[in-house]
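Below is one structure, written out as structure tokens, with a few remarks after it.
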Amino acid sequence: MPDESVFAVNLSQETPGALERFKIVELSALALVMGARRSGKKSVLIQSLLNRAQAREQLAGETVESLSSRKVVELNALLSLAGLPASYGNKAEKARLLIGWRDDMISQAKSRLVRATHELEVSCARVE
């Protein structure tokens, strides 16, 4: 990936203002990879991307057991960052939902990246 590509950004080191350098079509492609919102104003896309990145980062070393030991309010905050319903079940069910979301994101990362790259290339070709 070229350094200037939207797919080369490290979202944990980006700010909303810094992500403004990308076009909406580029942010939408990255959102496909991240499982984030893909339409709307640029600021909405950026916030959705940053939320998903934060959720993935916070869930990186977690297990169902470690998440189940957290307070419900913390689990609800993580569910919200991941774009999942916070009203879902008890603590153990919330923990399983979060771990399932994380694992699904990891297992589908390569196919999402291929699809997003293709969509971005097609969108850019239409503009030219």
Side-chain angles (χ1 to χ4, degrees):
M1 247 351 100
D3 286 344
E4 66 277 357
S5 168
V6 70
F7 300 121
V9 300
N10 181 344
L11 289 172
S12 65
Q13 296 178 351
E14 293 286 339
T15 64
L19 288 173
E20 288 283 339
R21 70 186 182 274
F22 295 107
K23 299 174 190 168
I24 287 181
V25 68
E26 293 170 310
L27 293 170
S28 178
L30 182 58
L32 173 60
V33 176
M34 296 294 297
R37 182 182 174 132
R38 297 189 61 204
S39 62
K41 292 182 177 181
K42 191 183 264 193
S43 61
V44 172
L45 294 177
I46 289 170
Q47 192 56 57
S48 182
L49 284 165
L50 293 174
N51 286 348
R52 295 312 177 278
Q54 187 178 0
R56 288 177 68 174
E57 191 173 297
Q58 289 183 30
L59 292 170
E62 297 289 347
T63 64
V64 171
E65 293 77 25
S66 66
L67 284 175
S68 295
S69 69
R70 291 188 178 199
K71 295 179 181 178
V72 171
V73 99
E74 293 177 68
L75 295 176
N76 288 344
L78 280 169
L79 286 164
S80 178
L81 287 174
L84 300 169
S87 60
Y88 186 85
N90 62 26
K91 283 175 39 167
E93 289 168 333
K94 290 174 190 268
R96 282 192 294 278
L97 181 62
L98 285 163
I99 296 300
W101 174 81
R102 180 203 61 196
D103 293 349
D104 184 53
M105 293 303 299
I106 292 168
S107 70
Q108 293 185 13
K110 188 180 273 187
S111 64
R112 286 176 182 252
L113 179 59
V114 168
R115 183 172 155 212
T117 302
H118 174 73
E119 284 186 17
L120 184 57
E121 288 172 355
V122 169
S123 293
C124 291
R126 284 187 203 152
V127 173
E128 294 173 2

Notebook entry, point to check: If you measure from CZ on R52 to CG on L81, what distance do you get to the nearest 0.5 Å?
Noted result: 8.0 Å
Notebook entry, point to check: For the atom pair OG (S28) and CG (L49), what is the distance rounded to the nearest 0.5 Å?
Noted result: 9.0 Å
Check: Among all residues two or more places apart in sequence or in another chain, which pass the side chain to side chain donor-acceptor pair (under 3.5 Å) test with S12?
Finding: N10
Next item on the list: Apply side chain to side chain donor-acceptor pair (under 3.5 Å) to Q47 and list each qualifying residue two or more places apart in sequence or on a separate chain.
Entry: N51
Margin query: Quick check: do V44 and S48 have side-chain heavy atoms less than 4.5 Å from each other?
Written below: no
I'd like a table of donor-acceptor pairs (distance under 3.5 Å, sequence neighbours excluded) in which one partner is a side-chain atom from residues 96-106, with atom names and distances.
unit_1, atom_1, unit_2, atom_2, d
R102, NH1, L59, O, 2.7
R102, NH1, E62, O, 2.8
D104, OD1, Q108, NE2, 2.7

Item checked: Pairs where residues 7-17 contributes a residue and the test salt bridge (Lys or Arg N to Asp or Glu O under 4.0 Å) is met, not counting sequence neighbours -> E14-R21
Next item on the list: Name all residues meeting the side-chain contact (heavy atoms from CB on, under 4.5 Å) criterion together with K110; count only those two or more places apart in sequence or in a different chain, and write none if there are none.
Entry: none
Item checked: For A53, all residues meeting side-chain contact (heavy atoms from CB on, under 4.5 Å), sequence neighbours excluded -> L11, M34
Notebook entry, point to check: With the threshold set at 4.0 Å, does a side-chain nitrogen-carboxylate oxygen contact exist between E119 and R112?
Noted result: no
Notebook entry, point to check: In terms of hydrophobic clustering (I, L, V, M, F, W, Y; side-chain heavy atoms under 4.5 Å; direct or indirect links), are L45 and L113 co-clustered?
Noted result: yes
Which side-chain N or O atoms in residues 71-80 pair as donor and acceptor under 3.5 Å with protein atoms at least two apart or in another chain?
unit_1, atom_1, unit_2, atom_2, d
E74, OE2, K71, N, 3.4
N76, OD1, K94, NZ, 2.6

Item checked: Partners passing side-chain contact (heavy atoms from CB on, under 4.5 Å) against S43 (at least two apart in sequence or in another chain) -> K41
Check: So if you build clusters from Ile, Leu, Val, Met, Phe, Trp, Tyr with side-chain heavy-atom gaps below 4.5 Å, do I46 and L32 land together?
Finding: no
Notebook entry, point to check: Less than 4.5 Å apart, any side-chain heavy atom of L27 and any of K42?
Noted result: yes
Item checked: Side chain to side chain, F22 and L30, heavy atoms closer than 4.5 Å -> no
Check: Taking only residues two or more places apart in sequence or in another chain, which ones pass side chain to side chain donor-acceptor pair (under 3.5 Å) with N90?
Finding: none
Margin query: Measuring only between side-chain heavy atoms, which start at C-beta, is Q54 closer than 4.5 Å to L50?
Written below: no
Item checked: Smallest separation among heavy atoms of A116 and A29, with atom names -> CB-O, 3.2 Å
